[in-house]
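Hydrogens, waters and symmetry mates play no part in the numbers below; they use all other heavy atoms, side chains included. Numbered from 1 within each chain, the chains take letters A, B, ... in sequence-line order.
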Amino acid sequence: MGVTTLVLDVVGGLLLAAGSFVLLAAAVAIWRLPTFYTRIHAISVNDTLGPGLILLGLACRATHSWEILVKLGLILAFLLITGPVSSHALAKAAYRSGLEPRSYRRAKGGPPSTP
Amino acid sequence: MLGPGLYNYWMVIVLMMMGLYVLMAKGNMVKKVIGLNIFQVSVIMFYVTMAKVRGGTAPILVPGDAGEVLYSNPVPHVLMLTAIVVGIANTALALSLVVRIHEEFGSIEEDEVQKMEDHV
Amino acid sequence: MLSVSILAILICMGLLILRAITGKTVFHRILVINSFGTKTVLLIALLGFLSGRPDFLDLALVYALMNFVGTIAVLRFSGYGDLASLDQNDASAEEDFEWV
Amino acid sequence: MLNLVDVLLFFFLAVTALGLVRLRDLFAATMLLSLFSLLSAGLFIVMDAVDVAITEAAVGAGISTMLLLATLAITKRREKAPRREVELVPLMVVLVVGGALVWGTLEMPEYGDPDAPSQTSPMTRHFLEKSRDEVGAPNIVTSILASYRGYDTFGEATVIFTAAVGALMLLGGRRPKDARLTGSVLQPHNRQSLAGAGADEMQPKELHLNRILEVATKSLVPFIMMFGLYVQFHGDYGPGGGFQAGVIFATGVALYALVFGLTPAQRVLPPRLLEALLALGVFLFGAIGLWTMVLGGNFLEYGVLSDGPLHGQHLGILLVELAVGITVAAVMLALFFLFAGRGFCGPQRKR
């Protein structure tokens, strides 16, 4: 029993740390990356992976109660469905309204594209 | 450990004053509704701050508790819960007035509407 | 470890809020706010575990739901796509519209 | 740790509010307001107000944002440039009032003080210690909301009913005759009939907004409804209750309407039905109160509803929460349909 708890604690901690790192990377990316599409690429992927890792890490701490596990699972499922869908809808709306994907060089010095 | 002391109240006042400033200084009616929302949140925050007890937990009884668990004060929570819902109903009423004003005058700026009113 | 995660999420939130205020286009803001909603969901789940009452995870679910619906509503009402006729009436709408 | 979270979240809240004051793009301001609302709901959780948090999340970040966005879609997106960057008189007033308020707080008990007057008041003690035996619901907030302060909640239900009736009267009637009309964002057929030629080419794009979105919405909406029912009937035991469930339910339908258009959503819940439900909820609440009087108790004294007082309380809370849920869901949906179905309406008078 003691060993299982210890292993779960360690694994949970690692998962939480990894999730936090992924989320931080996304937050930094939104400042560092130059254009909208590069940012949405970073954010949408990380915002699916990060919550997954963190919620799994939390699940490791809640193995005593199936109720909490089910709720964590539901949140994870909901985020896994809605995150990519809303990112997709956003990218599509941006593209359709005339925001063109551009290379980094043009984004820095090129003329602004007209929608 | 050093607690926040009166910090919460001061931040509540900062928020409240921002809401009040928007209400007084901005002429745009939707902006005024937004200011009213900020003001409302600050009032709710004030009540909820008063309800918190150090080391307390949410006022939902823990199973098997024999009086040793400390709960936060539930009364302000009840008042604010209904206040939020009433607040959105009032916001909706305000917004419908804004929509009607826009249909009538073509503007949601206070001074423009006032000018048109004076012309008529 | 919970505290570290909460701290990381709070830092993320700070970065995202600044971006949401200074963001140039509508799409940047939507992106940031959508991401912010996810962070809030996680913050609530973590806070539940930190305060020892993880049975309030329903809340996190409500947040996730509202975040999704909010994003869709913004996209739908934002007038991108085909509300062009509306924006003509409001000529100044394009004023601070710098791409990227 | 919780104190640090509290301090930081409050700071973020202030920064967001400053952004809200400064932003002139109302659309961006609305989005920032939803962020503001998410943040404040996070703070409510830190301060143990889970029921308030769930309400704020559902109302502030969900319905309120949608109503504001719908209003902006039919009015104007941008605020006029101000004459001055900072208005001096309001600033002075705000500084003076704020200073006076800060001075007033110096007498307040500290945050979290267990000996503050509001904590030691006999009412609070009574609710915390006796509600388990008198009402029996583990969620004390629900006990107070539906049972101890049931009469007050009846008043709140009436207030939102009245506000909805007011909005319906303002926007529900006919439009001005010579106004320039364009269809609502969510009603493509409306656009075609009103905007005349050239509208047809917009049709296909409108109707098939996004296949992926449609599939996701279709599969999510039933679960959202389910979750609404869970929040409704689990309100005795955890955070939730009629107010929150009503909003969640309305949000589910609103999501459907956002993706598939207003017409299919209104086929399920026609405005007439909503208006009836609006009244039905408040009526049900009042009827329960009168019924308890008929049975020999006071207004909304649930103990007489069934054999044992605890059982009666349970039944009464369930029914009252249901009444509140019906009212709130109907109000929110009626408002959403009203704003989203309005369509742009240009100025009637010449400038």
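In terms of modelled atom types and a separation under 3.5 Å, the side chain of B:Lys31 and the main chain of D:Ala29 share no donor-acceptor contact. Checked by atom type and distance alone, the side chain of B:Lys26 pairs as donor or acceptor with a backbone atom of D:Val21 at under 3.5 Å. Looking only at distances, a side-chain donor or acceptor of B:Tyr7 sits under 3.5 Å from a matching main-chain atom of D:Val7. A distance-only check finds a donor-acceptor pair linking the side chain of B:Asn73 to the backbone of D:Ser118 [under 3.5 Å].
Interface remark: D:Phe10 contributes backbone and side-chain atoms alike to the contact with chain B (heavy atom separation under 4.5 Å). For D:Val159, the part lying near chain B is the side chain, with the backbone staying farther off; criterion is any non-hydrogen pair under 4.5 Å. At a 4.5 Å heavy-atom cutoff, the contact between D:Leu33 and chain B is made by side-chain atoms alone. In this structure, chain B has no heavy atom under 4.5 Å from any part of D:Leu2.
D:Met108 has its side chain within reach of B:Met50: a pair of non-hydrogen atoms, C-beta onward, lies under 4.5 Å apart. Side-chain contact between D:Ser40 and B:Met45 is present, with at least one heavy-atom pair separated by less than 4.5 Å.
To the nearest 0.5 Å, atoms CG (B:Leu81) and CZ (D:Phe243) are separated by 6.5 Å.
The most heavy-atom pairs under 4.5 Å with chain B, out of D:Leu91, D:Thr153, D:Val324, D:Val328, come from D:Leu91. When each of D:Glu156, D:Glu56, D:Met123 is scored by its heavy-atom pairs under 4.5 Å with chain B, the top score falls to D:Glu156.
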**Request:** Tell me, with the steps shown, if B:Leu15 and D:Leu13 meet side-chain contact (heavy atoms from CB on, under 4.5 Å).
**Result:** CA-CA 8 Å; B:Leu15 290 179; D:Leu13 210 56; 3.6 Å; yes
